[in-house]
Enquirer: 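Here it is: the structure, laid out below.
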Protein chains: 2
Amino acid sequence: MPPVRRAQIVRATIRCLAQDGYARLTMKKVAREAGVSQGILHYYFRDKRDILAAALETVAADLNRRVAVAQARGSREPRARLAAVVRACLDVAVQQREVWVVFIEFWGEMPHDKRLRAINAAVYARARAALGAVVQEGIRARIFRQVRPADAAAVILALVDGVSLQLTFEPDAMPAARAARLVDAVVARYLAPGGGST
Amino acid sequence: MPPVRRAQIVRATIRCLAQDGYARLTMKKVAREAGVSQGILHYYFRDKRDILAAALETVAADLNRRVAVAQARGSREPRARLAAVVRACLDVAVQQREVWVVFIEFWGEMPHDKRLRAINAAVYARARAALGAVVQEGIRARIFRQVRPADAAAVILALVDGVSLQLTFEPDAMPAARAARLVDAVVARYLAPGGGST
DNA sequence: CTTTCTTGATTGGCCGACCAATTATCATCG
DNA sequence: CGATGATAATTGGTCGGCCAATCAAGAAAG
């Protein structure tokens with residue numbers, strides 16, 4: 001029962017964050033949203049920071065899961081797989097807007113909370129490793145040019161994050177599908193064989 | 001005197017945001033940091049939100065200014081100019097860490113505040129216009145391939161934001177100079193003539 | 001009957017906003 | 001030049017309200 005209650009509280013927290021924002025999150029609202037009393041929150045969590053850390057873990061895991069699923073569904077061909085991942089990331093930002101928005105909210109808190117930073121670092125390390133593996137595969141198959149997979153992973157991640165940000169704050173500027181094609185084009189040209197050695 | 005006092009308060013606010021974070025910003029701290037009484041804050045600003053909006057405006061203008069200066073110092077050659085802008089953006093994220101961190105903090109609040117969204121949209125519109133103009137110039141000179149300048153601008157901005165994020169949360173992962181070279185390589189390959197029509 | 005779980009009221013403290021009172025600024029005029 | 005009075009700027013304290021966290025008491029479960 002403990003894990004169930006914890007999850008219930010964490011999910012309520014995420015909903016509150018999506019609705020009102022980090023700065024206006026209160027234990028009262030979380031308890032109300034979860035349908036429990038205020039006291040119970042401190043039975044399952046030491047304090048507010050604990051709940052927030054758990055919320056970031058959940059959000060991050062959720063994002064990772066969705067992207068992993070999309071990647072698994074893609075073909076074996078490295079280019080197609082990268083495209084599938086890119087598309088999945090951007091779709092999350094648009095369709096699962098709430099989850100993505102909460103994740104962005106945590107960015108602002110990370111400089112002030114070591115624990116949140118650690119969770120985020122783990123998420124990005126995993127993401128870079130997964131992307132790097134796909135790139136590596138493409139290099140071996142001579143589909144991609146010789147690049148350091150870690151560099152390529154960082155670049156792809158940065159592109160996706162940056163474009164997702166723009167889609168989040170100015171959704172009307174560009175449909176998600178077009179953004180995905182744009183990012184794909186950049187990645188394809190970055191990894192395509194030929195051209196300079198840079 | 002009014003404008004001086006306002007600026008004084010806004011600068012104090014930005015320092016507080018950099019130090020303690022958005023969620024822990026209080027009028028008391030701002031007043032203390034600015035070296036004025038609490039009451040004065042409500043004399044020059046209607047309420048807390050007003051101060052925060054002014055703070056975002058100042059931060060955004062500051063970022064814009066620094067990048068504009070870097071661009072102006074660059075050569076006339078489009079590729080070099082883009083490189084200068086990229087370098088300037090990444091340098092800001094690393095060297096003017098405080099300003100950049102405060103800007104990120106505002107991202108988390110934007111989904112919940114129309115006014116902050118509007119300010120941000122203006123900033124990005126300006127940035128895209130400036131970048132787009134440089135790209136356009138390169139296209140005319142046949143240095144770059146035919147791309148929609150707006151697309152290229154969005155891509156470069158996304159890359160810079162994404163890489164800046166990673167530099168912010170994991171500063172040891174990569175020195176700023178290497179990040180700049182990496183981004184330059186991606187942009188160069190994206191804009192280089194030849195290759196597919198995408 | 002003991003352990004686990006849950007409640008809702010309480011606590012001390014800090015929050016943003018407001019306001020009456022005080023002080024500085026400055027144009028005007030004796 | 002110096003007094004005067006209106007206006008602008010500034011103070012510090014007060015207000016109701018909400019915050020996170022605690023706790024004693026009771027309900028459920030085994």
Side-chain angles (χ1 to χ4, degrees), chain A residues 1-59 102 105-106 108-110 112-116 119, chain B residues 1-58 102 105-106 108-110 112-116:
Chain A
M1 190 61 58
V4 174
R5 271 273 178 280
R6 275 181 71 97
Q8 177 186 7
I9 292 169
V10 168
R11 273 188 283 109
T13 303
I14 294 170
R15 284 197 300 275
C16 286
L17 287 173
Q19 215 161 59
D20 300 339
Y22 200 105
R24 284 160 298 282
L25 182 82
T26 69
M27 300 294 270
K28 197 180 202 169
K29 284 183 187 173
V30 172
R32 205 176 132 72
E33 179 72 29
V36 296
S37 74
Q38 290 189 54
I40 211 76
L41 302 185
H42 286 90
Y43 183 79
Y44 286 104
F45 296 90
R46 186 144 38 89
D47 55 18
K48 194 182 175 184
R49 283 184 69 213
D50 252 32
I51 297 183
L52 285 164
L56 175 56
E57 271 169 0
T58 299
V59 166
V102 170
E105 285 173 10
F106 276 107
E109 292 300 315
M110 281 175 199
H112 311 289
D113 191 320
K114 199 173 185 175
R115 193 148 156 222
L116 300 182
I119 296 169
Chain B
M1 192 60 59
V4 174
R5 270 275 181 280
R6 275 181 69 99
Q8 179 185 7
I9 292 169
V10 167
R11 274 187 282 108
T13 304
I14 294 170
R15 283 197 300 276
C16 287
L17 287 174
Q19 216 162 59
D20 300 340
Y22 200 106
R24 285 160 296 282
L25 182 83
T26 69
M27 300 294 270
K28 197 180 202 170
K29 285 183 187 173
V30 172
R32 205 176 132 74
E33 180 72 30
V36 296
S37 72
Q38 290 190 54
I40 210 77
L41 302 185
H42 286 90
Y43 182 81
Y44 286 105
F45 297 90
R46 186 144 40 88
D47 54 19
K48 196 181 174 184
R49 284 184 68 214
D50 251 33
I51 296 183
L52 285 164
L56 175 56
E57 269 168 2
T58 299
V102 171
E105 285 173 9
F106 276 107
E109 292 301 313
M110 282 175 198
H112 311 288
D113 192 319
K114 198 173 184 175
R115 192 145 156 225
L116 299 182

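Here is how names work: the chains are called A, B, and so on, in the same order as the sequence lines, proteins then strands, and each is numbered from 1.
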Enquirer: If you look at every strand shown and take non-hydrogen atoms under 4.0 Å, does Leu25(B) touch a base, only sugar-phosphate, or nothing?
Expert: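 The residue Leu25(B) makes sugar-phosphate contact but no base contact.
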Enquirer: Which whole-number value in Å describes the distance from Tyr44(A) OH to dT4(C) P?
Expert: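 It works out to 11 Å between those atoms.
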Enquirer: Using whole Å, report how far CG of Asp47(B) lies from P of dC15(C).
Expert: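 Atom-to-atom, Asp47(B) to dC15(C), this comes out as 17 Å.
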Enquirer: For the side chain of Thr26(B), counting heavy atoms from C-beta on, which of dC15(C), dT6(C), dT10(D) is nearest?
Expert: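 Of dC15(C), dT6(C), dT10(D), dC15(C) is nearest to the side chain of Thr26(B).
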Enquirer: With sequence neighbours left out, what residues match Thr26(B) under side chain to side chain contact (heavy atoms under 4.5 Å, CB included)?
Expert: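 Residues passing side chain to side chain contact (heavy atoms under 4.5 Å, CB included) with Thr26(B): Lys28(B), Lys29(B).
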Enquirer: Arg24(B) CZ to dA20(D) P: how many Å, rounded?
Expert: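 The answer, rounded to whole Å, is 12 Å.
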Enquirer: Do the side chains of Arg24(B) and Glu109(A) get close enough for a salt bridge, i.e. N-O under 4.0 angstrom?
Expert: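 Yes, this pair counts.
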Enquirer: Mind calculating the distance between CZ (Arg5(B)) and C1' (dA8(D)) to the nearest angstrom?
Expert: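 Spelled out: CZ on Arg5(B) to C1' on dA8(D) is 12 Å.
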Enquirer: Is there a side-chain contact between Arg115(A) and Asp50(A), using heavy atoms and a 4.5 Å cut-off?
Expert: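 The answer is yes; the side chains approach within 4.5 Å.
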Enquirer: Report the distance from atom CG of Asp50(B) to atom P of dG16(C), rounded to the nearest whole Å.
Expert: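 After rounding, the gap between these two atoms is 14 Å.
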Enquirer: Atom CD of Gln8(A) to atom P of dT6(C): distance rounded to whole Å?
Expert: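 Gln8(A) atom CD is separated from dT6(C) atom P by 9 Å.
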Enquirer: Are Tyr43(A) and dT6(C) close enough that a side-chain N or O sits under 4.0 Å from OP1 or OP2?
Expert: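 So the side-chain polar atoms of Tyr43(A) never come under 4.0 Å of the phosphate oxygens OP1 or OP2 of dT6(C).
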Enquirer: For Arg6(B) and dT10(D), what is the distance between atoms CZ and P respectively, to the nearest whole Å?
Expert: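 These atoms are roughly 13 Å apart.
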Enquirer: Just so I know, are the side chains of Leu52(A) and Phe106(A) near enough to count as touching, which here means a heavy-atom distance under 4.5 Å?
Expert: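 The answer is yes, as the side chains (C-beta and beyond) meet within the 4.5 Å cut-off.
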Enquirer: In residues 27-40 of chain B, which ones come under 4.0 Å of DNA chain D, going by heavy atoms?
Expert: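 Val36(B), Ser37(B), Gly39(B), Ile40(B) - these, ordered by number, are the residues of the stretch whose heavy atoms sit under 4.0 Å from the strand.
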Enquirer: Under 4.0 Å from OP1 or OP2 of dC18(C): is there any side-chain N or O of His42(B) that close?
Expert: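 Checking dC18(C) against His42(B), no side-chain N or O comes under 4.0 Å of OP1 or OP2.
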Enquirer: For the residue pair Ile9(B) and Ala34(B), what are the closest heavy atoms and their distance?
Expert: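 Nearest heavy atoms, Ile9(B) then Ala34(B): CA-CB, 4.4 Å.
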Enquirer: Arg49(B) CZ to dA17(C) P: how many Å, rounded?
Expert: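 Arg49(B) atom CZ is separated from dA17(C) atom P by 10 Å.
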Enquirer: Less than 4.5 Å apart, side chain to side chain, heavy atoms only: is that true for Val30(A) and Lys48(A)?
Expert: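 No, every pair of side-chain atoms sits at 4.5 Å or beyond.
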Enquirer: Locate the shortest heavy-atom distance separating Glu57(A) from Ile119(A); write the atom from each residue and the value.
Expert: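 Distance-wise, the nearest heavy atoms are CG-CD1, 3.7 Å.
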